[in-house]
Amino acid sequence: MAVAYNQRTHRCGELRKAHVGQTVTLAGWVNTSRDHGGMTFVDLRDHTGITQLRFTPDKSTAHAAARTLHNEDVIAVTGQVVSRGEWTNPKIATGEIEVEVTEIDVLSRCDPLPFQINDELDVGEDLLLKYRFLHLRRPEMQGIFRLRNTVAKAIREYFHEHGFVEIETPFLTKSTPEGARDYLVPSRVRPGTFYALPQSPQLFKQLFMIAGFDRYAQIVRCFRDEDLRLDRQPEFTQLDMEMAFVQREDVMNVVEGCVKRIFKDAMGLDIPLPLPRMTEHEAMERFGIDRPDTRFGLELRDVTELVRGLDFNVFRDAIDAGGVVKCIVAGGEKLTRKVTDGLTEELRGMGGAGLPLTKVAQGAAGIEFQTGIAKFFQPIAAKLCQAVGAKPGDTVFFMPGKYADVCKYLHHIRTRVAGILGIIPENQWNLLWIIDFPLLTWDEEEKRWASTHHPFTAPLDEDLHMLETDPGKVRDKAYDLVLNGTEMAGGSIRIHRKDVQSQVFRILGISDEEAKEKFEFLLDALRFGAPPHGGIAFGLDRWVMKLANANSLRDVIAFPKTQRAVCPLTNAPSTVSKAQLDELFLTIKPLPK
RNA sequence: GGGGCCGUAGCUCAAUUGGUUAGAGUACCGGCUUGUCACGCCGGUGGUUGCGGGUUCGAAUCCCGUCGGCCUCGCCA
């Protein structure tokens, strides 16, 4: 029986008691069916919800067809909306009515499914990705991607309303030194040469400013060929934005307005402005990381001076080598020996030596340390507890070593302990700006300076004079936006003077020849009247992940890659034919054994 | 490249810790069923325990290797 599926009168989540008596046409997927031999029920689902269909033997054709249905068959039906009376189902929005079907059209049959759509069982993620189109049918996934649309729309509207122009930038572009590994695309027309997919449209948006567009914003894909993580995919989406004739404050103000808009449109929340700010130095001191989660305490305490001179080799060696000793104080009975041993193991896995710790107790003669490395501390127990605010029952985790290592390990411990203690508040959105980063970071392995952000970040004017003499001391005009411990956006005021840009390249070890080869277009542009400018990029995927409370970036990308950068749905990447390689003058080396 | 967790019917899991023919729910097939809504009831199909090797009288279980998935360090301007 043909039903005009192109003339649906309603969606499956729409019908209410007020519609009783109307004749309606619905189409969708069979969520479940319940065959009673006589009366048969089918729950019909589309992205708006579920409507119960009732089939009775007096409509014998439709009834017979209904009894053959399976989950996820696609059907269209026409029938009358009737009240369910005493059989109302309060669990669903349409539960007061059902549709008494007179005609059914089975549009498409569904083979047995690799996993069920209509339950909430956690299926293996590799299978979900292989059949991503089925996973996306699930209501929670529909919700995530509609939220993603809301966020993207809010951002786009906001920037358009504020005079920003959206212009596309090339995907086939030039490989640049510094930064992440590039995805390369071989050129057929010029064999032996390669395009790179952009890590971000950074240079193009600067050229837009030099071109006089004044305000540019684009939602754009970016590509980085680095190892994947929970929150890192090889291709991801940014809101990329740039403004001319601005200082740091101007960009941050515009961004704050956008953040407010995102929370309003996507979550219905009013975020108070301005957002708090913290220097990178303070963040590292207090939290050991430049993207601190400020929803809980457990801050790092520096005890280097207090423990100096203690007869404890582990600390003394660290201090003698120019390092520091810091600690975290945490309370609660959940920090059992088993738990702390587990944390020690985790640090070893990260390359750490161990996790010296002790418990604070109330002894006969006052406060004392009781376990672990207690004996070394006894001389300064009371003083130390007072300095770091430790009370009986607390555990004190110490970390001696190089400053950067101490920060890394204690940040890990802080986050893990907070999770174990269950003290991280949910439904709290701690946004803050991190500013005044060091312009350059010393790369110990390569023995050279590297940009903390990127080579186009402008130094603070008052630090410019140290660029040659003491590059490590120079702070920059960058700003990172952090939400609950995740970097959500990062940007800076850019260098708009050719001499400063050349100077920075030189300090980074990029020779004049290399700079000319890789960045001639930028240096050229800076010669021809570049306005002061700056901007920022938001990680759209991360925003959606946070706002949707998703477990992984994969959950908010329609067709994501696995950890080995494979798409289980398409099986990309894959080999190509010899003819394709020949056309590009490429040969594949044999794989090493 | 390093560290860790995992891999058993299509799917989610179990298997008394090395012991008989590897079970259950669900899905699928057949039958019954007129108020269900995770409908119910009866019956049935379905397994190279990821793969390869080893130890053992005997391996899903122990060992080695390998493949795949996830988390993580390095890496990610």
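Any value given below was found using the heavy atoms of this structure, including those in side chains, with hydrogens, waters and symmetry copies removed.
- Only the P atoms considered, B:rG46 is 11 Å distant from B:rG10, to the nearest whole Å.
- In this structure, of B:rC76, B:rC37, B:rC11, it is B:rC37 that holds the atom nearest to the side chain of A:N89.
- Residue order along RNA chain B, read from the 5' end via each residue's closest nucleotide, puts A:R67 first among A:R67 and A:T32.
- Classification of the A:F204-A:F521 ring pair by plane angle, with boundaries at 30° and 60°, yields parallel.
- Residue-level contact check: A:E98 touches the bases, meaning some heavy atom is under 4.0 Å from a base atom.
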Open item on the list: Please determine whether side-chain contact (heavy atoms from CB on, under 4.5 Å) holds for the pair A:H63 and A:T56, giving the CA-CA distance in whole Å, both sets of side-chain angles, and the decisive distance to 0.1 Å.
Closed with: CA-CA 6 Å; A:H63 182 246; A:T56 49; 5.7 Å; no
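- For the pair A:E100 CD and B:rU36 P, the computed distance is 17 Å after rounding to whole Å.
- Comparing B:rU16 with B:rG54, their C1' atoms are spaced 27 Å from each other, to the whole Å.
- Residue contacts for A:P114: at a heavy-atom cut-off of 4.0 Å it reaches the sugar-phosphate backbone alone, with no base atom in range.
- Here A:P568 lies out of heavy-atom contact (under 4.0 Å) with every strand.
- Summarising the geometry, the separation between CG on A:D111 and C1' on B:rC11 is reported as 16 Å, rounded to the nearest angstrom.
- Separation of the A:F171 and A:F223 ring centroids falls under the 6.0 Å cut-off.
- Salt bridge status for A:E72 with A:R45: present, with a side-chain N to carboxylate O gap under 4.0 Å.
- Between B:rC11 and B:rC73, the distance separating the two C1' atoms is 34 Å to the nearest Å.
- Heavy atoms of A:G124 sit under 4.0 angstrom from primed sugar atoms or phosphate atoms, though from no base atom.
- Under the Watson-Crick or G-U wobble criterion, with both distances below 3.5 Å, B:rA15 is left unpaired in every strand shown.
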Between the protein and nucleotides 70-75 of chain B, which nitrogen or oxygen pairs are less than 3.5 angstrom apart?
residue : atom : partner : partner atom : Å
B:rC70  : OP1  : A:Q563  : N            : 3.2
B:rC70  : OP2  : A:Q563  : N            : 2.9
B:rC70  : O3'  : A:R554  : NH2          : 3.0
B:rC71  : OP1  : A:R554  : NH1          : 3.3
B:rC71  : OP1  : A:R554  : NH2          : 3.0
B:rC71  : OP2  : A:R554  : NH1          : 3.4
B:rU72  : OP2  : A:L230  : N            : 3.3
B:rC73  : OP2  : A:R229  : NE           : 3.2
B:rC73  : O2'  : A:M350  : O            : 3.4
B:rG74  : N7   : A:R229  : NH2          : 2.9
B:rG74  : O6   : A:D227  : OD2          : 3.3
B:rG74  : O6   : A:R229  : NH1          : 3.1
B:rG74  : O6   : A:R229  : NH2          : 3.0
B:rG74  : N1   : A:D227  : OD2          : 2.6
B:rC75  : O2'  : A:E226  : OE1          : 2.6
B:rC75  : O2   : A:R232  : NH2          : 3.1
B:rC75  : N3   : A:R232  : NH1          : 3.1
B:rC75  : N3   : A:R232  : NH2          : 3.0
B:rC75  : N4   : A:R232  : NH1          : 3.3

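- Remark: B:rU66 base-pairs with B:rG50. Criterion, Watson-Crick or G-U wobble with two distances under 3.5 Å.
- Pair check for B:rC28 finds B:rG44; Watson-Crick or G-U wobble, both atom distances under 3.5 Å.
- Summarising the geometry, the separation between CG on A:D541 and C1' on B:rC76 is reported as 15 Å, rounded to the nearest angstrom.
- With P as the reference atom, B:rU61 and B:rC6 are 14 Å apart, rounded to whole Å.
- In this structure, of B:rC37, B:rU34, B:rC11, it is B:rC37 that holds the atom nearest to the side chain of A:W87.
- Although no hydrogens or angles enter the test, the distance criterion places a donor-acceptor pair under 3.5 Å between the side chain of A:S200 and the main chain of A:Q202.
- For the C1' atoms, the distance from B:rG47 to B:rA22 is 8 Å, rounded to whole Å.
- When each of B:rG69, B:rU33, B:rC76 is scored by its nearest atom to the side-chain atoms of A:D126, the top-ranked nucleotide is B:rG69.
- Counting non-hydrogen atoms under 4.0 angstrom, A:L127 reaches the backbone sugars and phosphates but no base.
- In this structure, A:Y409 has its ring center no closer than 6.0 Å to that of A:F398.
- Atom CD of A:Q52 and atom C1' of B:rA38 are 13 Å apart (whole Å).
- In the interface, the side chain of A:R84 is paired with the base of B:rU36 through a donor and an acceptor atom under 3.5 Å apart.
- Ring geometry for A:Y216 versus A:F208: interplanar angle of 30 to 60°, hence tilted.
- Taking the P atoms as reference points, B:rC29 lies 43 Å from B:rU66, given to the whole Å.
- Across all strands shown, A:N118 has no heavy atoms under 4.0 Å from either base or sugar-phosphate atoms.
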Nucleotide N/O to protein N/O under 3.5 Å, stretch nucleotides 27-29 of chain B:
residue : atom : partner : partner atom : Å
B:rC29  : OP1  : A:H70   : NE2          : 3.1
B:rC29  : OP2  : A:H70   : NE2          : 3.0

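- For A:D35 and B:rU36, the CG to C1' distance is 11 Å, given to the nearest whole Å.
- We find that the ring of A:H36 and the base of B:rC39 stack, their centres lying under 5.5 angstrom apart and their planes tilted less than 30°.
- The backbone N or O of A:F456 sits less than 3.5 Å from a side-chain atom of A:H454, completing a donor-acceptor pair.
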TODO: Report the C-alpha distance between A:T40 and A:D35 in whole Å, list the side-chain angles of each, state the deciding distance to 0.1 Å, and finish with yes or no for side-chain hydrogen bond (donor to acceptor under 3.5 Å, both in side chains).
DONE: CA-CA 5 Å; A:T40 294; A:D35 178 8; 3.1 Å; yes
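- B:rG7 and B:rA14 are spaced 8 Å apart, taking the P atom of each and rounding to whole Å.
- A:A450 comes within 4.0 angstrom of nothing in the nucleic acid, heavy atoms only.
- The residues A:R232 and A:E226 are annotated as not salt-bridged, no charged nitrogen and carboxylate oxygen being separated by less than 4.0 angstrom.
- At the heavy-atom level, A:T56 lies nowhere under 4.0 Å from the strands shown.
- Look at A:R34 and you'll find a side-chain N or O under 4.0 angstrom from OP1 or OP2 of B:rC39.
- The P atoms of B:rG53 and B:rC76 are separated by 42 Å, rounded to the nearest whole Å.
- For the pair A:I117 CD1 and B:rG10 C1', the computed distance is 13 Å after rounding to whole Å.
- A:T173 contributes no side-chain N or O that, together with a main-chain N or O of A:P170, makes up a donor-acceptor pair within less than 3.5 Å.
- Electrostatic pairing of A:R497 and A:D499 counts as a salt bridge here, judged by a charged N lying under 4.0 Å from a carboxylate O.
- Both stacking criteria are satisfied for A:F41 over the base of B:rU36: a centre-to-centre distance under 5.5 angstrom and an angle between ring planes under 30 degrees.
- In this view, A:T102 and A:K59, A:T78 satisfy the side-chain contact (heavy atoms from CB on, under 4.5 Å) rule, not counting sequence neighbours.
- In this model, the phosphate group of B:rA38 is approached by a side-chain N or O of A:K91 to a distance below 4.0 Å at OP1 or OP2.
- Contact annotation for A:T176: no contact, since no heavy-atom pair falls under 4.0 Å across all strands.
- For B:rU17, the glycosidic angle deviates from 0 by 90° or less, giving a syn base.
- When rounded to the nearest whole Å, the span between CZ of A:F115 and C1' of B:rA9 equals 18 Å.
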